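Take a look at the structure set out below.
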Amino acid sequence: MDNSVMSNVEIFGIAHHSPTGAFELMHRLDEVNPDVVLVEGPEDLTNMMKWMCDKEIRFPIALMSYTQTQPVRSVLYPFASYSPEIQAILWAHKNKKECAFMDLPTSVILAFDNNQVYEEDGQEPRFDVYEELEKVTGEKYEDYWDRNFETIAGTGQYQAAMKVLGNELRLLEQRDTYSFSRNLIREAYMKRVILSKIAEDKKVFCVCGAYHVNGLETNEPMTDEEVKKLPRSESNSTLMPYTYYRLSRLSGYGAGNKAPGYYEMLWQALNDNSLTENFTEKYLVAVADEHRKAGNIVSSAEVIDADLLAKALSNFRGNRIPSLIDMHDAAITAMGHGNENELIESFLRIEVKGDHIGHVPNGIGKTSVQEDFNNQLTLLRLDKYKTEVAEELTLDLREKNTVQDEGKALIDLKRSFFLCRLYVLGIHFAKPIQTAIDGSKQAKAWSERWSLQWSADVEIEIIESSLLGDSILSATSIKLKEMADAAQTIDEAARVFHLAFMCGIPQTSIYALNALSNIAVDGAAVHSIANTADVLSTIIKFGSVRKYDSSILVPLLEKLYLRYILTLEEACVCNDDGVGAVIASMNIMSNVQLSVDSLVERGETFVKLMSRISTRDDLHPKCSGYAMALLVERGEANETLLLNELSKRLSPGMPVDLGSAWFEGLASKNRYSLITRLAIWRCMSDYVEGLDEEVFKRAVVCLRRALCEFTGKEKADIAENLGEIWGINKQQAATAMVQTLSEEEQAAIAEQAKKMSDELDEFDFDDI
C-alpha cells in the first residue's frame, strides 16, 4: 500500500493513564483541530462515548464487555480523568467533532483464547516486556517512566520520546510471537478504520499506545476477507464505576500505574500551570498531613528540608523537575528518619487513594441488574455501605410494632432478603458473619450480622448476574431453580429450599420443595435424611420471623422422621470411615425430635430405638455408645442400666478396641454427667487392673483416643475420682493425669498404635 495516503492523518502515541500524555494531547488537538478523532478502543463501544461524557460521571470508570453465555468471560477498559483516551473523547465532544473507537470489536477480543494458541504453537512461555525494559534501563519501569516522561510536559519533546519508546517496546515484544502477532491483527484492523475515514476526505487524528504508532504508519490494512475470518463471541457491554486501587499495578492491572492518586495531583498541576512552581511542595505537604493523621510528628522544618532535598536530587539526576522517586527519597530522609516503613502508609494513601471510587449515574450505560442493585441500595438505606472500607451491619428481623409504616417496620427483614439474594448470586458485596444463610448454627433466628464492602469486582459480579435475569430477584430465582434441578440428594435439595426461604422467594421455595419431594427417600443415607429434617425443623420453628407459612412442611418432616427410624439400625453396621456421619445424624435427629411438636409426641419411638442400638453388640460399638449417651442425656438410662452395659463392654471377653470405641461414643456427650458418677470410674479402674500386660498396652492406645477430646479440667476431675477410688492424694492424681508424656512413653504408644492399625486393616467390621 502507498503510505502517502496517510499524509492527512496524525498518529499521536501515548501511554495509557499518563497525565502528561493527556496534557500534551489536548494541546496538540487544539493545534490540529481535526475533523475526526479516532481512539484506541473496541469499535463496537463507540456508542457508549456519549455516556462517558455525561457531566455527572465521576472518574475513574470502566467499560466492560462480557460474553452472553456461561462461563462468563469479560474484558475491561478503565479510564481515569487523566487518561489520554478519555481526554480525547471529551475534547471531541466539547468541540462537536466526530469521535470513534477504532480497535477490534469486543466480540473478537473475547473470542481470542491465549492458552489454546500456545498449546497449538508450542512456543516458549510469554515474558513481560516491561521486565525486559527494566533490565535495559537498570531501574523499575514505573520510576523510569515517571522520571523520563511525566516530567517533560511543555518541552515539545513528548511525541518524539514516545515514538522512540514505542519502537523499543516493539522490538522487545517480537520475541513473544503470539502477543506480537495479535498486535499486528489489531493494527491491521485499526488501519482499516483509519483509511475508511480518509476516504471520506476528512482530517483524521488517531490516539493510540506508542507501541502501535509504527505499525499504523507502515503495516497493511485488514481486508474484507480477513475481517470475515475473525473469531467472534457474542457479547454485551456496560459502563461501571471503578477505583484507583483497581487502576493501579498493586491490583495486578498490567496497563495501570503504581500511583493513580499521585497522577491525579500531577494532572491538576499541569492544568493550573503549577507543575514547575509548587507541585513538589504540595505533594510533600500532603504526605506530611497523612503522616500526622496517623499520630506521627512531622515538623515544618522537615517538610522544607524534604522539598530542598527533592529538588537537589532532581538536579543531580538530570531531571527537569523532581520525579516521584526523588520526592520519595527526600521524604524518607527528611521526614521518615531514613526508614521507608515510617512513611509507607502515607505514601499509599496519597498515591493510590484506595478508597476513591468513581460514579456512574443511574440510567447511563448499565444493565438492568446494575440499576436494580443501586435502586435496592437506596430503598433499603444501604447506600452508605458502598465503599471499599468494610463495615459491619447487624439486622433485627423482628417486626417493629412501634412503627406504623410497614416498609420501615420490616426494613431489616427486607435487607436480609436482599443480602441473601446477593449471597446466592455470588455477589460479594455482603459477606455473612453470623447468619443462617451459610449454615451457621450460632446465628439467632431473628438476628443477623453481615460485613458489607464494595469493590470493582462486585460490579463485575453484578453484571455477570444479568445473564440470569433482569433484576436481583429474578436472577436469584433462576439460579435457585437451576440448583434445584441439579440436586441429586435430598439434603442438596433441602439446601436449595433453605436458600429460597432465606431469600424470601416463596414461589421458588415451593419449586425447591417439589424437587425435594420428587427425590427418592428410600435410598437416602441417614445423614442426608437427618440434615434435611434439620433444615425443615428449623424453618418450622422460625419461619414466622421471615413471614413464611411453614405448616406445609410438617407432613414431609414426619415422613423423613419415620424413614430415619426404620433405617438407622442398619446404618449402624458401618466401618470407622462412616461412623462419624452416622453419629452426627443421631445427634441431629435427636434435637429435631425434641424441637417439633408433632415429633415430640413420638418421643417414645426414638427412645426405644436408642435403647436397642445401645445394647446391640453387632453394630459399630461407637454408635451403640453414642445411643447410650443420648439416653443418659434424656434421663432414660439410670445408673444401673449404664453400669451393666459398661461392664459388658469392658469385660475380658470383649476386644479392648471395641470396648473402648463404645466408651468413646458414650463420652461424646454429657461428659460432666459421666464424670460425676463415681461408679463408672470404679468400673473402668477394675477393668484396667484386670488386664494382662499385652492387652493393657492395647487398652492404653484405645482409651487415650477415647479421652483425647476431654479438656484439661475434665481430665483433672477424672483423676480426682480415681484418686478417691485408689485411696491416694486427689491433687497428685490430677497432676499425673494431665502431665506431658516423656518421649519414651510417646514412642511406645505410637509403636503400639501402629501395630493395632496394621491389625485393623485386616479386620472385617461387616462380621460383627
Side-chain angles (χ1 to χ4, degrees), residues 525-527 529-530 564-565 567-594 606-651 653-677 679-681 683-684 687-688 698-711 714-715 717-718 753 756-757 760 763 765-768:
V526 290
H527 63 82
I529 296 174
Y564 184 83
I565 293 296
T567 58
L568 179 59
E569 286 182 273
E570 182 181 351
C572 288
V573 182
C574 59
N575 58 23
D576 285 349
D577 291 335
V579 70
V582 176
I583 285 177
S585 78
M586 293 166 67
N587 183 57
I588 291 171
M589 193 58 83
S590 177
N591 293 331
V592 168
Q593 186 272 313
L594 291 170
F606 190 84
V607 170
K608 287 181 178 179
L609 176 63
M610 293 301 108
S611 297
R612 290 198 304 273
I613 293 174
S614 69
T615 56
R616 285 181 60 174
D617 55 10
D618 59 337
L619 307 179
H620 195 295
K622 195 171 180 181
C623 292
S624 297
Y626 195 81
M628 181 62 76
L630 290 173
L631 292 174
V632 171
E633 183 178 59
R634 289 168 173 249
E636 297 289 347
N638 57 37
E639 190 164 298
T640 300
L641 175 64
L642 179 58
L643 286 175
N644 286 341
E645 192 62 29
L646 182 62
S647 299
K648 183 182 78 172
R649 300 285 179 170
L650 300 179
S651 63
M654 180 70 71
V656 65
D657 44 0
L658 300 183
S660 297
W662 187 91
F663 180 77
E664 186 178 352
L666 174 68
S668 298
K669 291 179 73 70
N670 316 306
R671 290 176 190 159
Y672 182 75
S673 175
L674 297 179
I675 291 171
T676 57
R677 301 184 186 212
I680 291 177
W681 304 103
C683 179
M684 290 284 291
Y687 169 69
V688 173
R698 298 170 65 88
V700 168
V701 174
C702 296
L703 293 174
R704 189 167 188 258
R705 183 183 64 188
L707 295 169
C708 68
E709 297 298 326
F710 281 65
T711 66
E714 289 169 340
K715 291 177 182 178
D717 290 341
I718 294 171
M756 291 176 62
S757 176
L760 285 172
F763 189 84
F765 278 95
D766 290 334
D767 290 339
I768 62 173

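All of these numbers come straight from a predicted model, not from anything done at the bench. This chain uses plain numbering: 1 for the first residue, then up along the sequence.
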| message | To the nearest 0.5 Å, what is the distance between CD1 on I565 and NZ on K608? | response | 11.5 Å
| field | Within-4.5 Å side-chain heavy-atom neighbours: L666 and L642 | value | yes
| Do the side chains of M589 and I529 get nearer than 4.5 Å, heavy atoms only? | yes
| Between Q593 and R634, is any pair of side-chain heavy atoms under 4.5 Å apart? | yes
| message | Could you work out, with side-chain hydrogen bond (donor to acceptor under 3.5 Å, both in side chains) as the rule, every residue matching E636, not counting sequence neighbours? | response | none
| said: Between N587 (side chain only) and I583 (backbone N and O only), is there a donor and an acceptor less than 3.5 Å apart? | reply: no
| query | Donor-acceptor pair, S590 side chain versus M586 backbone, under 3.5 Å? | reply | no
| task | Would you give the length of the straight line joining atom OH of Y626 to atom NE2 of H620, rounded to the nearest 0.5 angstrom? | result | 15.0 Å
| task | Taking all non-hydrogen atoms of both residues into account, name the closest pair between C574 and V579 and its distance. | result | SG-CA, 3.8 Å
| Set of side-chain hydrogen bond (donor to acceptor under 3.5 Å, both in side chains) partners for R616, sequence neighbours left out | E569, D618
| Rounded distance (nearest 0.5 Å) linking atom OG of S624 with atom CE of M610 | 10.0 Å
| said: If the test is side chain to side chain contact (heavy atoms under 4.5 Å, CB included), which one of L568, V573, V582 qualifies with C623? | reply: V582
| Distance (rounded to the nearest 0.5 Å) between L631 CG and I613 CD1 | 9.5 Å
| field | Step-by-step side chain to side chain contact (heavy atoms under 4.5 Å, CB included) determination, D617 to R649 | value | CA-CA 9 Å; D617 55 10; R649 300 285 179 170; 4.0 Å; yes
| If only atom types and distance count, is the side chain of K648 paired as donor or acceptor with the main-chain N or O of T615 below 3.5 Å? | yes
| query | So, for S614 and E645, which heavy atoms are closest and what is the spacing to 0.1 Å? | reply | O-OE2, 3.4 Å
| message | Nearest 0.5 angstrom please: E570 CD to L619 CG, how far? | response | 11.0 Å
